[in-house]
Amino acid sequence: MVEVPLGKDKIVVRDLSIYYGNVAALKNVSFSVKDREILGVIGPANSGKTSFLRAMNRLNDLDLSSRVTGSILLNGKDVNREMDAEEVRKKVTMVFALPLPLPMSIFDNIAYGPRRHGTRDKKRLEEIVEKSLKAAFLWEEVKDRLSSSAMKLSGGQQQRLCIARTLAVDPEVILYDEPCSGLDPISTAKVEEAMFELKARYTQILVTNNVKQAARVGDRIAFFLMGELVEIDEADKIFTAPRDKRTGDYITGRFG
Amino acid sequence: MRRLKELIIEKTILLNGFACIFFVVLIFFFLAKDGLALFRTISIRDFLFGQLWNPIAEPPQFGILPLFLGSFLVTLGATAISVPLGMACAIFIGEIAPRWMRELLKAGVELLAAIPSIVIGFVGMTMLGPMVKNIFHLPTGLTALTGSFALAFMAIPTIVSIMEDAISSVPRSYKEGSLALGATHWQTIYRVIIPAASSGIVAAIMLGIGRVIGETMAVMMLTGNASVMPRTILEPVRTMTATIAAEMGETVHGSEHYFALFALGLVLFAITFIINLIADAALHRKRK
Ligand SMILES: Nc1ncnc2c1ncn2[C@@H]1O[C@H](COP(=O)(O)OP(=O)(O)OP(=O)(O)O)[C@@H](O)[C@H]1O
Ligand SMILES: [Mg+2]
């Protein structure tokens, strides 16, 4: 793991635009993400939040109609020009809106990533699975049924399983795309608690439709609107004294 | 008025559905009636395990083992060829090929399905047969293997289209979930997509085999039609279907030979029925 001093830039985004065909989903966005912070990304539907996350770990490559210009630097390296897609995705993993485990056992779900990256040793895998599940606050609930199907877990448990699964590949950055949109308040609280715990080690970017959630967990907040970055600042400032009127309007629920 | 119309349409559809089942049952009884008549004069054991099929001998021999083995060898060979090829093709179409090529390949595969089996038999006879003969230095190119090749081409469209369906109906989220963890495209195909599509894949293989076992024309032209106990896949064999097709015309209605061919048909029916059942079970497992 590349050690960037706390508070320094982990990710630098420069003039990033994302097009689907000729339609721009993100327009000339530049900002940076500090090491081991939680960046909350808020904005109304279609503002380009998901597109941004998918560009970050190059899942956009799968969509042949999409095109990315500008650059995203991870630890100073351009993810599109200086790194393989697999390398990027291992370092920058993603938790999706719908918690969808792979159709296999709980254990195999977590071990899936490490196995693909060459860990074969059974003892080592068991350690990783336990550690990851503990970090995602799921261990106590599933430790007696690791070999049962992950599809049988509840929605909230599945989402924490997905978080555990991303932790198991030992990433540097974790992206969340509305991870709690399908969860009840208690499960949501557990997921948020996990994020807090993970701050010690990981840089996290949380896209959420829930402004309150962004306020609860975000260190800094970015506000996207129609593919533009309107404002990015410390959470306190954004929520108490936003510089842009549109930010204030969105936060107080006057539009969007 | 609307209600009446609905009712009529509904009942018509229902009737059609029952008609299909009714015909299957009818065919089965027809087959069973004449087929089982054979066992008044010949024991089931001699029929199933007899090593000689010779209806014009004195007394006539109706042991289907050589025919069964002939069908088995040809089918085995065709399966061994068509499953890997079909699977690779389905994965390529479903996962790897760019969109324009995908459409082109799908059309090509459908075209392959539309070639009449007599044409495949014809091409096999003039090209495949001599090739097999030269490569393996055989006295004749009309062998089980030659039939296998031709049948593989007939099974591939079935296998590819059903497998491709199964592969492309694997939820996108499985694929993205795997890729997002840094797995490569191939790892994702091998570890996630194929297992998730496994029931459809099994069904595709089964239906492909069903297609091969029932095929008659091409095997009759290509396998040499020698009803002897085959030892290797490089010898002429005779399949069950080819036997029925070749001998039906020369039997006397109601003779022992006539009943024997029906009994053979009954065996064939049972085999395809079981294969379809397995395919069905596999597909049902998926839906659950
Ligand atoms: N695969 C795609 N193909 C074509 N257009 C797309 C694709 N994905 C997104 N878009 C378009 O890009 C724009 C931004 O979409 P995006 O999903 O990034 O928004 P979002 O901020 O995540 O919205 P939401 O809050 O609804 O999730 C939308 O106008 C959308 O229609
Ligand atoms: Mg989104």
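Quick note on labels: first sequence line is chain A, next is B, and so on, each numbered from 1. Treat the numbers as computed from the prediction; the structure is a model and nothing was measured.
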Practice item. Please name all residues satisfying salt bridge (Lys or Arg N to Asp or Glu O under 4.0 Å) with B:Arg211, sequence neighbours left out, ordered by chain then number. Key: B:Glu215
Review point. Around B:Phe28, counting heavy atoms of other residues, nucleotides and ligands shown, do more than 12 lie under 6.0 Å from its CZ?
Key: no
Check your understanding: What are the two closest non-hydrogen atoms of B:Leu181 and A:His117, and how far apart are they?
Key -> O-NE2, 2.9 Å
Practice item. Against chain B, label A:Arg54 side chain, backbone, both or neither, depending on which of its atoms sit under 4.5 Å from a heavy atom there. Key: side chain
Point to revise | Atom of A:Leu102, atom of B:Ser178 and distance for their closest heavy-atom approach | key: CD2-N, 4.4 Å
Point to revise | More than 12 heavy atoms from other groups under 6.0 Å of OH on A:Tyr20 | key: yes
Exercise for review: Give the minimum heavy-atom separation between B:Ala180 and A:Thr93, together with the two atoms involved.
Suggested key: O-CG2, 3.6 Å
Check your understanding: Rounded to the nearest 0.5 Å, how far does CE of A:Met94 lie from CD of B:Glu176?
Key -> 7.5 Å
Check your understanding: If you draw a 6.0 Å radius around CZ in A:Phe31, do more than 12 non-hydrogen atoms from other residues or ligands fall strictly inside?
Key -> yes
Practice item. Measure the CG-NZ distance between A:Leu59 and B:Lys175 for me, rounded to the nearest 0.5 Å. Key: 10.5 Å
Revision key, fill the gap. Of all heavy-atom pairs linking A:Pro101 and B:Tyr174, the shortest is O-CE2, 3.6 Å
Review point. Is there side-chain contact between B:Leu179 and A:Arg89, with heavy atoms separated by less than 4.5 Å?
Key: yes
Practice item. Heavy atoms only: give me the nearest A:Tyr112-B:Gln187 pair and the separation to one decimal. Key: OH-O, 3.9 Å
Practice item. Report, as yes or no, whether the 6.0 Å neighbourhood of atom CZ on B:Arg172 holds more than 12 heavy atoms from other residues, nucleotides or ligands. Key: no
Practice item. Take atom CZ of B:Phe153 as the centre, draw a 6.0 Å sphere, and report whether it contains more than 12 heavy atoms from other residues, nucleotides or ligands. Key: no
Check your understanding: Which heavy atom of A:Arg116 sits nearest a heavy atom of B:Ala183, and at what distance?
Key -> CG-CB, 4.0 Å
Exercise for review: Tell me, yes or no, whether the heavy-atom count around A:Phe107 atom CZ, taken from other residues, nucleotides or ligands under 6.0 Å, exceeds 12.
Suggested key: yes
